[in-house]
J.: 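Take this structure, written in structure tokens, and hold onto it; I'll ask about it next.
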Amino acid sequence: MGTITSTTRTIPTGCGWCAADSDSASFDFSDLYHAWLACRRGKRNTRNALIYESRLLDNLLQTQALLQCGNWQPARSVCFISAGAKPREIHAANFADRVVHHLLMPKLEVLYEPVFIHDSYANRKNKGSHRAVQRLQQFMRQASLNQQRQAWYLQLDIANFFNRIDRGKLYRLLQARLAKSVADTKISREQGLRLRDLCKIILSTETAAHAIRQGNPQRFSRLPAHKHLLNAPPGKGLPIGDLSSQFFANVYLDQLDQFIKHTLHCRFYLRYVDDFILVHSDREQLLQWYQEIEQFLQQTLGLQLRTQWYLRRVSEGADFLGYIIRPHYRLSRRRVVANLHDRLHYYQAQLISRQNQGESLYLPVSASSKLLNILNSYFAHFKHANTWNLQRAFWQRYPWLGNIIQLQGFARLKPVWEAVNVNSLRGQWRYFNKLYPGFIIIVQTGNKAEIYDEDVDILVGHGFLRPTTTRLKFTQTLSLPLAGLKSLRRRLRSLKLAHCFIAEQGYHKKGLKRRVLRLYWRPIDKTSSVPLV
């Protein structure tokens, strides 16, 4: 078996295929087109996706030509440090390269899905973290005979996993699977060559050496040295963030899965990326398996287990994939809850202010959408655990949330800052008038701010002049230039009159102006924390 060596790569070749064979490989344009469709899913409005789409045909034809002549090479990736409790070095591939990844991965998945064990849950269709959590609960109940006997779990993960993957070993595993698939006539020889060459190019690229760093340099310096892909030993390491890396991780650890299932004969075992759990009724058996797994990883895959591992009773619960998992219920991990508290504290400081015995909320468009996305993300996580009391506690601790987003049922959020399913200005006004009882509703109509019906009577009772004009479908209308909104609100605050300002924001599909809550003010005493809705 020979090797191909260049300034950027050293990857073995062989398995009965010579390098010249790859010249005959062809690449269908339809495959590339569907790879682009998959790549843009959920990211169509991002800058890179829009730039690529602006010259879509040219870009796809160029990629096809480069693949066919064997000259395709990945472009420089963008490297940044992710935020969160566990900062990671992320490498974001160029959009055109991600299209190639989406071309390659589905073809490899078809060959590997029949080989992978059932209980490998990361980056696979119809799997995922929530199914892994459900499966672990099932294992706990089965091993403990529905809590009729003692059972234990052994929780392990691999130290610095992605930076320690041996790319040469990984390429040989891929090469052997492709050769077997060709021999079994699952794919043609031409297809096998095409897939092999793409794997070789991706694995032989020194991503970290040519990456463009983005973000605060201090974040890079604070990350431990062994976490940087650039510091990985020669020939080792995959970039975190690539679709290809996620799939290759499953390929690399498939040997571990097969060893635990078919050599150790562990019935209750599951893995999610490099985190895995074994469940058994015999504590000593788990200790013995720990030693054998540690030895297998070192000798076969060149990996090491983290020094921190857990061997506990299943009744104590396992901290796994963001949940505390017990046989018959699960809770959200404290760190997840703390992270949401941190985010809500941030938005509370940005949106809410208290002064002069009043509370005001200013809700810009960007803040409302970001806040809703954050809450939807966390509550989707909470939905898969026993967290009803936890969810309600957030609305009690942050009462201002109830003024813009309502919790309806279990983990169901409804934004209330916009009147939907109405077809008139009066319908919008009635919506906010009902949502905020006792508030003066100020509505933007073009370059004017208007107050309607009974709210006008309240203002007249406080010395405002009674209006002489009336808008259609309203009994009376107080109108003033939008430029006078600040002075109007100043006077309302001095009178301690709660009020909302409903601003225009684009159009509905039927041509009606969209109107959303932009700000509100209400008088409060120093101890008040009662939500409006």
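Residue indices begin at 1 and follow the sequence shown. Please read these numbers as outputs of a predicted model, since none were measured by experiment.
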J.: Between Arg124 and Glu109 (salt bridge meaning N to carboxylate O under 4.0 Å), is one present in this structure?
T.: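 So Arg124 does not pair with Glu109 through a salt bridge.
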J.: Taking 4.0 angstrom as the limit, do Asp119 and Arg135 come out as a salt bridge?
T.: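 Salt bridge present between Asp119 and Arg135.
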J.: Tell me every residue that passes ring-ring contact (aromatic ring centres under 6.0 Å, His included) with His130, counting only those two or more places apart in sequence or in another chain.
T.: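 Per chain and number, His130 pairs via ring-ring contact (aromatic ring centres under 6.0 Å, His included) with His384.
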J.: Would you say the side-chain atoms of Gln444 pair up with the backbone N or O of Gly446, donor to acceptor, closer than 3.5 Å?
T.: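 Yes; at least one donor-acceptor contact below 3.5 Å.
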J.: Got Leu67 and Leu198 here, is their nearest side-chain heavy-atom distance under 4.5 Å?
T.: yes
J.: Which value, rounded to the nearest 0.5 Å, describes the distance between Tyr347 atom OH and Gln350 atom CD?
T.: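 If we round to the nearest 0.5 Å, Tyr347:OH and Gln350:CD are 8.5 Å apart.
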J.: Can Phe161 and Leu303 be said to form a side chain to side chain contact (heavy atoms under 4.5 Å, CB included), step by step?
T.: CA-CA 7 Å; Phe161 170 59; Leu303 301 173; 3.9 Å; yes
J.: Any side-chain heavy atom of Tyr362 sitting closer than 4.5 Å to one from Leu351?
T.: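 A side-chain contact is absent here, since even the closest heavy-atom pair is not under 4.5 Å.
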J.: Mark yes when over 12 heavy atoms from residues, nucleotides or ligands other than Tyr346 sit less than 6.0 Å from its OH; otherwise mark no.
T.: no
J.: Under 6.0 Å from the CD atom of Gln408, do we count more than 12 heavy atoms belonging to anything else shown?
T.: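 Counting neighbours around CD of Gln408, more than 12 heavy atoms of other residues, nucleotides or ligands fall under 6.0 Å, so yes.
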J.: Apply the test side chain to side chain contact (heavy atoms under 4.5 Å, CB included) to residues Ile260 and Leu278: give CA-CA distance (whole Å), side-chain angles for both, the deciding distance (0.1 Å), then the verdict.
T.: CA-CA 9 Å; Ile260 293 176; Leu278 298 81; 3.9 Å; yes
J.: Could you tell me whether the side chain of Asn231 and the main chain of His226 form a donor-acceptor pair under 3.5 Å?
T.: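 The answer is no, because no donor-acceptor pair under 3.5 Å joins these two groups.
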J.: Verify whether one side chain among Gln258 and Asp254 offers a donor that lies under 3.5 Å from an acceptor in the other.
T.: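 Indeed, the side chains of Gln258 and Asp254 share at least one donor-acceptor pair under 3.5 Å.
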J.: As a quick check of understanding, evaluate side chain to side chain contact (heavy atoms under 4.5 Å, CB included) for Gln391 and Leu407, giving each step before the final call.
T.: CA-CA 8 Å; Gln391 294 174 41; Leu407 178 63; 3.9 Å; yes
J.: Kindly confirm or rule out a cation-pi arrangement of Arg40 over Trp36, judged by NZ or CZ under 6.0 Å from the six-membered ring centre and within 45° of its axis?
T.: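 Yes.
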J.: Could you tell me if the ring centre of Tyr272 sits under 6.0 Å from that of Tyr121?
T.: no
J.: When you measure from the side chain of Trp395 to the backbone of Ile405, do you find a donor-acceptor pair of N or O atoms at a distance under 3.5 Å?
T.: yes
J.: Is the side chain of Ser188 donor-acceptor paired with the backbone N or O of Gln191 at a distance under 3.5 Å, no angle test?
T.: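 Judged by distance alone, yes, a pair lies under 3.5 Å.
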J.: Any idea which heavy atoms bring Gly322 and Val336 closest together, and the distance?
T.: O-CG2, 4.1 Å
J.: Of all the heavy-atom pairs spanning Gly302 and Lys236, show the shortest one and how long it is.
T.: O-NZ, 4.4 Å
J.: Restricting to non-hydrogen atoms, name the atom on Val422 and the atom on Gly427 that form the minimum distance, rounded to 0.1 Å.
T.: CG1-O, 3.9 Å
J.: So, Arg514 and Glu418, do they make that salt bridge, N to O below 4.0 Å?
T.: yes
J.: I want to know whether Trp309 and Tyr153 have ring centres closer than 6.0 Å.
T.: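 For Trp309 and Tyr153, the ring centres are not under 6.0 Å apart.
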J.: Going from CG on Leu61 to CG on Leu32, what distance comes out if it is rounded to the nearest 0.5 angstrom?
T.: 9.0 Å
J.: Under 3.5 Å, side chain of Gln406 to main-chain N/O of Pro415, donor-acceptor pair present?
T.: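 No: the side chain of Gln406 does not pair with the backbone of Pro415.
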J.: Do Phe276 and Leu256 have side-chain heavy atoms sitting under 4.5 Å apart?
T.: yes
J.: Please enumerate all residues that pass salt bridge (Lys or Arg N to Asp or Glu O under 4.0 Å) together with Lys107, with sequence neighbours excluded.
T.: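 Result, salt bridge (Lys or Arg N to Asp or Glu O under 4.0 Å) vs Lys107: Asp31.
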J.: Thinking salt bridges, do Arg55 and Asp58 make one under a 4.0 Å N-O criterion?
T.: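 Result for this pair is yes, salt bridge flagged.
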J.: Just verifying a value: how many Å separate Lys43 NZ and Phe95 CZ, rounded to the nearest 0.5 Å?
T.: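 If we round to the nearest 0.5 Å, Lys43:NZ and Phe95:CZ are 8.5 Å apart.
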J.: How many angstroms lie between atom CH2 of Trp417 and atom CD1 of Ile502, to the nearest 0.5 angstrom?
T.: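 Answer for the CH2-CD1 pair, Trp417 versus Ile502, is 13.0 Å.
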J.: Can a donor-acceptor pair be found, under 3.5 Å and without considering hydrogens, that links the side chain of Ser77 to the backbone of Ala211?
T.: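 Side chain of Ser77 to backbone of Ala211: no pair is present.
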J.: In this structure, is the centre-to-centre distance between the rings of Phe247 and Tyr112 below 6.0 Å?
T.: yes
J.: Shortest non-hydrogen contact from Val416 to Phe432?
T.: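 That closest heavy-atom pairing would be O-CE2, 4.2 Å.
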J.: Counting heavy atoms not belonging to Phe379, are there more than 12 under 6.0 Å from its CZ?
T.: yes
J.: Going by an N to O cut-off under 4.0 Å, is there a salt bridge joining Lys125 and Glu113?
T.: no
J.: Between Tyr507 and Lys513, does the side chain to side chain donor-acceptor pair (under 3.5 Å) criterion hold? Intermediate values first, please.
T.: CA-CA 4 Å; Tyr507 288 86; Lys513 282 275 190 179; 3.3 Å; yes
J.: Is the backbone of Val365 close enough, under 3.5 Å, to the side chain of Gln505 for a donor and an acceptor to pair up by distance?
T.: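 Here the side-chain-to-backbone pair does not exist.
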J.: For Tyr323 and His381, what are the C-alpha separation, side-chain angles and deciding distance, and is it a ring-ring contact (aromatic ring centres under 6.0 Å, His included)?
T.: CA-CA 9 Å; Tyr323 299 98; His381 174 83; 4.1 Å; yes
J.: Measuring from Lys186:NZ to Arg177:CZ, what's the distance to the nearest 0.5 Å?
T.: 6.5 Å
J.: Any side-chain donor paired with an acceptor under 3.5 Å for Trp400 and Gln348?
T.: yes
J.: Check the pair Arg518, Glu504 against salt bridge (charged side-chain N to carboxylate O under 4.0 Å, His left out), reporting the backbone distance first and the verdict last.
T.: CA-CA 9 Å; Arg518 180 67 72 242; Glu504 293 180 347; over 6 Å; no
J.: Output yes when a side-chain donor or acceptor of Ser377 lies under 3.5 Å from a complementary backbone atom of Asn373, and no otherwise.
T.: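 Answer holds: no.
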J.: Output all residues satisfying side chain to side chain contact (heavy atoms under 4.5 Å, CB included) with Arg47, sequence neighbours left out; order by chain, then residue number.
T.: Ile51
J.: Taking all non-hydrogen atoms of both residues, which atom of Phe220 and which atom of Cys79 are closest, and how far apart?
T.: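 Reported closest heavy-atom pair: CZ-O, 3.5 Å.
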J.: Side chains of Tyr398 and His341: donor-acceptor distance under 3.5 Å anywhere?
T.: yes
J.: Looking only at the side chains, is there a donor atom on one of Asp257 and Tyr269 sitting less than 3.5 Å from an acceptor on the other?
T.: yes
J.: Of Asn160, Asp157, Asp274, which is the lone residue that meets side-chain hydrogen bond (donor to acceptor under 3.5 Å, both in side chains) with Arg306?
T.: Asp157
J.: What's the shortest heavy-atom distance between Ile81 and Arg219, and which atoms?
T.: O-NH2, 3.6 Å
J.: Quick check against the 3.5 Å criterion: does Asn386 have a side-chain atom that pairs as donor or acceptor with the backbone of Leu331?
T.: no
J.: Would you check, one step at a time, whether the test side chain to side chain contact (heavy atoms under 4.5 Å, CB included) holds for Thr263 with Phe296?
T.: CA-CA 11 Å; Thr263 302; Phe296 176 84; over 6 Å; no
J.: Counting only heavy atoms not in Arg44, do more than 12 sit closer than 6.0 Å to its CZ atom?
T.: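 Check fails, neighbour count at 12 or below.
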J.: Roughly how far, to the nearest 0.5 Å, is CD1 of Ile117 from CG of Leu270?
T.: 8.0 Å
J.: Please tell me whether Ser120 and Arg271 have a donor and an acceptor in their side chains that are separated by less than 3.5 angstrom.
T.: yes
J.: Do side-chain atoms of Asn163 reach the backbone of Gly237 as a donor and acceptor pair under 3.5 angstrom?
T.: no
